[in-house]
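Structure first, commentary second.
Along the sequence shown, the residues carry numbers beginning at 1. The structure presented is a predicted model; accordingly, all values stated were derived computationally and were not measured.
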Amino acid sequence: MQIEIVIIGAISLFVMNYTGRINTNKFLADNSDYFRKLKEEDWDFLVKAKYGEGVNPDIVFTKRIKNAGLIFILLLFLFISNFNYATFLVSVVAAFFVYKMGYFSIKKYYKQHLNEIDSMLPHYLKSLEILIQHYTVPVAIGKSISDAPPIFREGLQEMINEINAGNDKIEPYMNFAREYPVRDSMRMMRLLYRLSLGKQEHKQEQLLAFSKTISNLQQKARETRYKNRLDKMESKTMQMLITTGLGVMILLVFSVVKMMNL
């Protein structure tokens with residue numbers, strides 16, 4: 001009977017949403033400020049890291065809210081004949097679990113591609129050196145946006161817009177670092193800001209220091225990537241050896257038992 005209630009409830013929700021009796025999109029839009037407080041700080045960055053700049057993180061986040069809300073309502077229908085505080089709590093926990101699964105899934109992708117994503121920023125800054133030799137840092141960044149990794153383009157444009165609006169302090173650079181929290185992003189943005197403050201006569205020396213630091217960060221990323229690959233290979237080798245050893249032991253035990261039965 002409870003399954004029938006859930007099915008009827010699901011169909012009713014679909015029909016009411018389809019006919020406009022219930023407008024979930026309007027409800028989410030009207031309460032977006034409240035739902036935004038639930039969004040993780042690195043959510044936008046993780047979405048862009050996985051799907052690129054063509055995907056709106058807010059739209060993906062709204063889908064998470066909808067899925068969690070749907071699970072909550074369906075569980076309420078499921079427990080409607082035995083509704084109490086415990087079943088309500090179970091519904092809330094299940095909905096929260098579904099909500100967080102969207103974040104854990106995209107976080108897993110980031111961890112799997114951690115070194116690849118983290119290496120993008122120092123690689124981009126390394127390529128920026130040539131432009132900085134001929135232009136000021138803000139102008140060089142503006143000219144490099146079209147060739148920058150897609151994940152950073154929107155943030156770079158926002159940083160340049162803020163600088164062009166008259167903010168010549170470090171905040172635009174730090175805002176970028178907070179929006180894209182890859183490894184050493186804060187340090188790299190501080191270096192870039194200091195380079196933008198340098199006098200023209202000392203520009204070459206500062207650029208050499210900047211280049212050396214970025215090269216060291218690139219080397220660090222490569223070493224980490226190679227170490228992770230080696231650890232992964234060692235782990236697979238150990239798994240293979242353990243599996244082979246267990247297989248041999250099982251065969252030996254089977255042979256001994258068979259001989260004893262003879």
Side-chain angles (χ1 to χ4, degrees), residues 1-118 120 150-152 154-155 158 174-183 185-186 228 232 235:
M1 183 62 180
Q2 290 177 325
I3 298 299
E4 288 83 350
I5 293 175
V6 172
I7 294 174
I8 293 172
I11 295 174
S12 300
L13 285 173
F14 173 77
V15 171
M16 286 188 288
N17 187 63
Y18 183 78
T19 58
R21 297 289 296 275
I22 296 177
N23 194 330
T24 54
N25 291 329
K26 186 176 184 303
F27 172 77
L28 292 172
D30 292 342
N31 297 274
S32 60
D33 291 340
Y34 299 104
F35 289 122
R36 198 173 290 115
K37 293 179 180 179
L38 298 173
K39 187 167 68 172
E40 296 81 3
E41 291 184 357
D42 56 351
W43 172 254
D44 290 358
F45 165 70
L46 294 175
V47 172
K48 292 175 183 177
K50 183 174 182 179
Y51 301 111
E53 63 176 346
V55 175
N56 188 336
D58 290 334
I59 294 177
V60 183
F61 178 73
T62 300
K63 289 181 180 179
R64 288 175 61 196
I65 297 292
K66 286 183 177 179
N67 292 337
L70 180 62
I71 293 298
F72 176 73
I73 293 173
L74 290 179
L75 286 176
L76 288 183
F77 278 119
L78 181 64
F79 297 132
I80 195 168
S81 60
N82 188 31
F83 185 77
N84 53 44
Y85 178 77
T87 55
F88 175 78
L89 185 61
V90 168
S91 302
V92 172
V93 171
F96 183 74
F97 176 76
V98 171
Y99 166 76
K100 293 300 289 186
M101 279 301 296
Y103 174 72
F104 293 144
S105 174
I106 206 166
K107 186 77 171 180
K108 181 180 179 181
Y109 173 88
Y110 172 68
K111 289 181 178 179
Q112 290 174 342
H113 300 80
L114 179 65
N115 292 309
E116 177 186 346
I117 296 171
D118 281 354
M120 288 182 180
I151 185 177
F152 298 132
E154 184 178 347
E158 292 176 356
M174 291 297 98
N175 289 338
F176 177 89
R178 282 187 285 268
E179 186 176 355
Y180 301 96
V182 297
R183 184 191 298 121
S185 60
M186 289 285 186
N228 289 341
K232 188 175 182 179
S235 176

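Sorted by first and then second residue, the salt bridge (charged side-chain N to carboxylate O under 4.0 Å, His left out) pairs with a member in residues 80-96 form an empty list; sequence neighbours excluded.
With sequence neighbours excluded, no residue forms a salt bridge (charged side-chain N to carboxylate O under 4.0 Å, His left out) with Lys108. Applying the side chain to side chain contact (heavy atoms under 4.5 Å, CB included) rule to Glu158 yields the partners Glu154, Glu179; only residues at least two apart in sequence or on another chain are considered. With sequence neighbours excluded, no residue forms a ring pair (Phe, Tyr, Trp, His ring centres under 6.0 Å) with Phe96. Under the rule for a ring pair (Phe, Tyr, Trp, His ring centres under 6.0 Å), Tyr103 has no partner lying at least two apart in sequence or in another chain. With sequence neighbours left out, Lys107 forms a salt bridge (charged side-chain N to carboxylate O under 4.0 Å, His left out) with Asp42. For Asn56, the side-chain hydrogen bond (donor to acceptor under 3.5 Å, both in side chains) test picks out no residue, with sequence neighbours left out. For Tyr109, the ring pair (Phe, Tyr, Trp, His ring centres under 6.0 Å) test picks out His113, with sequence neighbours left out. In terms of the side chain to side chain contact (heavy atoms under 4.5 Å, CB included) criterion, residue partners of Val60 (sequence neighbours excluded) are, by chain and number, Trp43, Val47, Val55. Partners of Pro150 by side chain to side chain contact (heavy atoms under 4.5 Å, CB included), not counting sequence neighbours, listed by chain and number: Glu53, Arg153. Every residue meeting the side chain to side chain contact (heavy atoms under 4.5 Å, CB included) condition with Asn67, not counting sequence neighbours, appears here in chain and number order: Val98. Remark: Ser105 pairs with no residue by the side-chain hydrogen bond (donor to acceptor under 3.5 Å, both in side chains) rule, at least two apart or across chains.
Met120 has its side chain within reach of Ile151: a pair of non-hydrogen atoms, C-beta onward, lies under 4.5 Å apart. Looking at Lys50 and Leu46, their side chains never come closer than 4.5 Å, going by heavy atoms from C-beta outward. You'll find the side chain of Met101 stays beyond 4.5 Å of the side chain of Arg64, heavy atoms only.
Atoms CD1 and NZ, from Ile65 and Lys39 in turn, are 10.5 Å apart once rounded to the nearest 0.5 Å.
At least one donor-acceptor pair closer than 3.5 Å links the side chain of Tyr180 to the backbone N or O of Gly155.
Contact record, Ser185 with Ala177: OG-O, 3.4 Å, taken as the closest heavy-atom pair.
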Verdict with reasoning, Val182 to Phe45, per side chain to side chain contact (heavy atoms under 4.5 Å, CB included): CA-CA 9 Å; Val182 297; Phe45 165 70; 3.5 Å; yes
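Between Phe152 and Phe176, the ring planes lie tilted relative to each other; the angle falls in the 30° to 60° range.
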